[in-house]
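Since the structure comes first, as structure tokens, the remarks are kept for the end.
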Amino acid sequence: MSSISIKPFTNFFLFFVLSLSPPLLAQGTIAQYFDQLEGYQAEKLVESSTLEEDIDSPFESEVIDEFILFNYSRWVVRAADSNSPPALELEVYEMQDPQGAFGVFTNWNHRAPDSLPQRLNLSVDNYYLDPGLIFWRGAYFFHLKPVDPEPGDPEALERFSSTFIEALPLLNLHPLTVIHLPQANLVRESIRYYLGQASFDLDGDFPRELITPLGFEHDIEVTAARYSPGMHTLYLVAYPTPALAAQQSARLQNAMESYFSPEGVYIRRSGVIVSIFFGPEPEAREILAKIQYAPTIQWIYQKEQDPQEIVQRTMDFLGSVRQTMLLIMVFLPTVLIAGFGAGIVRYTLFQFFPGVKEKGEMIQLNIRGPGRG
């Protein structure tokens with residue numbers, strides 16, 4: 001009887017808990033943030049889960065697949081209090097994670113690798129590529145440009161971008177290899193991030209004969225960056241485990257025995273990171289010595305709980321409540337029956353053996369003082 005009465009309550013309570021947590025069970029899209037924009041209106045033009053042929057993108061499908069595209073959309077943005085034609089066009093690449101968004105951001109200008117774009121005064125990584133602006137926020141990559149590209153107005157791009165970034169409560173979490181880049185003399189505009197061989201093919205400097213020993217089949221990540229004043233290139237390769245990093249490092253060293261570099265190539269491993277530097281030895285020693293992999297765990301944001309974990313915890317709690325109620329429902333009748341039975345036994349005992357009752361009665365002494373009759 002108890003299990004039949006508790007089960008409907010369990011289902012109702014579980015449904016109630018899940019209904020209170022829709023943000024944990026649903027993935028947000030960029031559309032929800034446009035509603036929070038002040039002073040601007042956005043109208044969606046195109047939306048797709050893949051890069052269609054009519055979408056002007058600098059990437060082949062194999063490259064964007066490595067960065068894992070979830071959704072592509074294009075919007076037209078205008079000032080809310082203006083009757084002028086649409087002023088800005090915004091392309092939004094919603095990726096699986098911030099690493100994918102960062103990869104798209106760093107490789108967007110791969111067709112002009114030697115150009116050093118300008119940065120605007122924004123709170124996130126950005127490049128002004130006349131007449132457009134690119135930046136990333138969380139798992140989103142944005143390409144903003146004027147509808148009429150002539151003449152370009154970077155101030156208009158900066159005003160809208162600043163307002164839009166404030167409406168996005170997201171963090172820019174950089175990949176492991178990017179975090180471990182030595183900062184001294186780093187040319188930030190030269191940073192490139194790769195998640196597979198298709199995207200790494202965009203890099204035109206790394207020797208082709210050394211690509212196979214890198215081991216892209218092991219789900220590695222690679223970051224490339226240049227250092228002044230010689231503009232020599234450093235590659236940081238991160239592997240899933242230190243053992244795999246040691247194995248691939250040995251393969252790379254063996255492959256480099258047959259490779260000739262006019263300036264030199266140097267390799268060093270630290271934990272899961274293998275560093276490869278192309279340049280003179282003094283500069284290589286200085287830069288490679290600064291790459292130290294020391295893993296630590298530090299939460300820099302409130303971790304969202306897994307919906308399945310919430311359901312499991314709820315079911316565990318309800319199970320404990322049910323067990324407690326069952327214990328109470330069994331214990332109370334047992335105590336009542338035992339007490340009632342003990343009373344009957346005591347009453348029967350006194351009826352058949354009245355002497356027992358008399359022996360147990362209180363003794364009263366009738367003592368009178370002297371002089372009293």
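Just so you know, these numbers come straight off a predicted model, no measurement behind them.
- Atom OH of Tyr40 and atom CG of Leu90 lie 12.0 Å apart (nearest 0.5 Å).
- Ion pairing between Glu189 and Arg119 holds under the 4.0 Å rule for side-chain N and carboxylate O.
- Without hydrogens or angle criteria, Tyr227 side chain to Pro182 main chain gives a donor-acceptor distance under 3.5 Å.
- Between the side chain of Gln183 and the main chain of Leu181, a donor-acceptor pair closer than 3.5 Å is present.
- The minimum heavy-atom distance linking Leu210 with Leu252 is given by the pair O-CD2, 3.9 Å.
- Taking 4.5 Å as the limit, some side-chain heavy atom of Leu122 sits within range of a side-chain heavy atom of Leu133.
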- request: Let me see the working for Val76 and Leu88 under side-chain contact (heavy atoms from CB on, under 4.5 Å), right down to the final yes or no.
  value: CA-CA 6 Å; Val76 63; Leu88 300 175; over 6 Å; no
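- Residue Glu60 qualifies as open at atom CD: its count of foreign heavy atoms under 6.0 Å is 12 or below.
- By the ring-ring contact (aromatic ring centres under 6.0 Å, His included) test, Trp108 is found to be paired with Phe59, Tyr93, Phe141, His143, residues two or more places apart in sequence or in another chain being considered.
- Under the 3.5 Å distance criterion, the side-chain polar atoms of Thr348 are matched with a main-chain donor or acceptor of Ile344.
- For Arg285, the side chain to side chain contact (heavy atoms under 4.5 Å, CB included) test picks out Glu281, with sequence neighbours left out.
- Residues Tyr193 and Glu221 form a side-chain contact, since some pair of their non-hydrogen atoms from C-beta on lies under 4.5 Å apart.
- With rounding to the nearest 0.5 angstrom, the CD atom of Glu166 is 11.5 Å from the OG atom of Ser161.
- Trp136 is listed as a side-chain neighbour of Asp125, based on a closest heavy-atom distance under 4.5 Å.
- Partners of Phe164 according to the ring-ring contact (aromatic ring centres under 6.0 Å, His included) rule, which considers only residues two or more places apart in sequence or in another chain, are Phe34, Phe142, Phe160.
- The shortest side-chain heavy-atom distance between Ile267 and Ser275 does not fall under the 4.5 Å cut-off.
- Side-chain atoms of Tyr128 and Asn126 form no donor-acceptor pair, as typed in the model, at a separation below 3.5 Å.
- The nearest pair of heavy atoms linking Ala184 to Lys290 is CB-NZ, 3.6 Å.
- How far CG of Leu173 is from CG of Leu170: 9.5 Å, rounded to the nearest 0.5 Å.
- With rounding to the nearest 0.5 angstrom, the OG atom of Ser57 is 7.5 Å from the CD atom of Glu91.
- Smallest separation of non-hydrogen atoms from Glu66 and Ala198: OE2-N, 2.8 Å.
- Side-chain atoms of Arg251 and Thr212, non-hydrogen and from C-beta on, do get closer than 4.5 Å to each other.
- If you take OG on Ser48 and CG on Asn71, they are separated by 7.5 Å, rounding to the nearest 0.5 Å.
- In this structure, Ser249 and Val274 approach most closely via the heavy-atom pair CB-CG2, 4.1 Å.
- Separating the OH atom in Tyr266 from the NE2 atom in His232 is a distance of 10.5 Å, to the nearest 0.5 Å.
- In this structure, the ring-ring contact (aromatic ring centres under 6.0 Å, His included) partners of Tyr293, at least two apart in sequence or on a different chain, are His180.
- Judged purely by atom type and a 3.5 angstrom limit, Gln32 uses its side chain to pair as donor or acceptor with the backbone of Thr29.
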- prompt: Going through the checks in order, is the side-chain contact (heavy atoms from CB on, under 4.5 Å) test met by Tyr72 and Leu51?
  reply: CA-CA 7 Å; Tyr72 169 88; Leu51 290 181; 4.0 Å; yes
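- One N or O on the side chain of Arg268 and one on the backbone of Leu288 form a donor-acceptor pair closer than 3.5 Å.
- The closest side-chain heavy-atom distance from Leu202 to Arg192 is not below 4.5 Å.
- At least one donor-acceptor pair under 3.5 Å links the side chain of Ser258 to the backbone N or O of Ala255.
- Using a 4.5 Å heavy-atom threshold, the side chains of Ile165 and Arg137 count as touching.
- The pair Asp205-Arg226 meets the salt-bridge criterion, with a side-chain N (NZ, NE, NH1 or NH2) lying under 4.0 Å from an Asp/Glu carboxylate O.
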- prompt: Does the pair Glu62 and Gln197 meet the rule for a side-chain contact (heavy atoms from CB on, under 4.5 Å), with working shown?
  reply: CA-CA 9 Å; Glu62 295 80 8; Gln197 188 165 344; over 6 Å; no
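- The backbone N or O of Pro58 sits less than 3.5 Å from a side-chain atom of His110, completing a donor-acceptor pair.
- A 4.5 Å side-chain heavy-atom check between Pro282 and Glu286 finds every atom pair outside the cut-off.
- Scanning both residues, Thr106 and Ile191, for their nearest heavy atoms gives CB-O, 3.4 Å.
- Listed for the Gln292 side chain is a donor-acceptor partner under 3.5 Å among the backbone atoms of Ala289.
- The 12-atom threshold is exceeded at CD of Glu217, counting heavy atoms of other residues, nucleotides or ligands nearer than 6.0 Å.
- Glu94 contributes no side-chain N or O that, together with a main-chain N or O of Ala139, makes up a donor-acceptor pair within less than 3.5 Å.
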List the atom pairs, with distances to 0.1 Å, where a side-chain N or O of residues 234-248 and a protein N or O form a donor-acceptor pair under 3.5 Å, not counting sequence neighbours.
from: Tyr235; atom 1: OH; to: Asp203; atom 2: OD1; distance (Å): 2.9
from: Tyr235; atom 1: OH; to: Asp203; atom 2: OD2; distance (Å): 3.3
from: Tyr235; atom 1: OH; to: Phe206; atom 2: N; distance (Å): 3.4
from: Tyr239; atom 1: OH; to: Leu214; atom 2: O; distance (Å): 2.7
from: Thr241; atom 1: OG1; to: Leu244; atom 2: N; distance (Å): 3.2
from: Gln248; atom 1: NE2; to: Pro213; atom 2: O; distance (Å): 2.7

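- Here Asp201 pairs with Arg208 in a salt bridge; the nearest charged N to carboxylate O distance falls below 4.0 Å.
- Of all heavy-atom pairs between Leu195 and Phe67, the closest is CD1-CD2, 3.8 Å.
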- request: Apply side-chain contact (heavy atoms from CB on, under 4.5 Å) to Ile30 and Trp75, showing your working.
  value: CA-CA 11 Å; Ile30 197 63; Trp75 304 73; 4.0 Å; yes
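- Tyr127 pairs by the ring-ring contact (aromatic ring centres under 6.0 Å, His included) definition with Phe105, not counting sequence neighbours.
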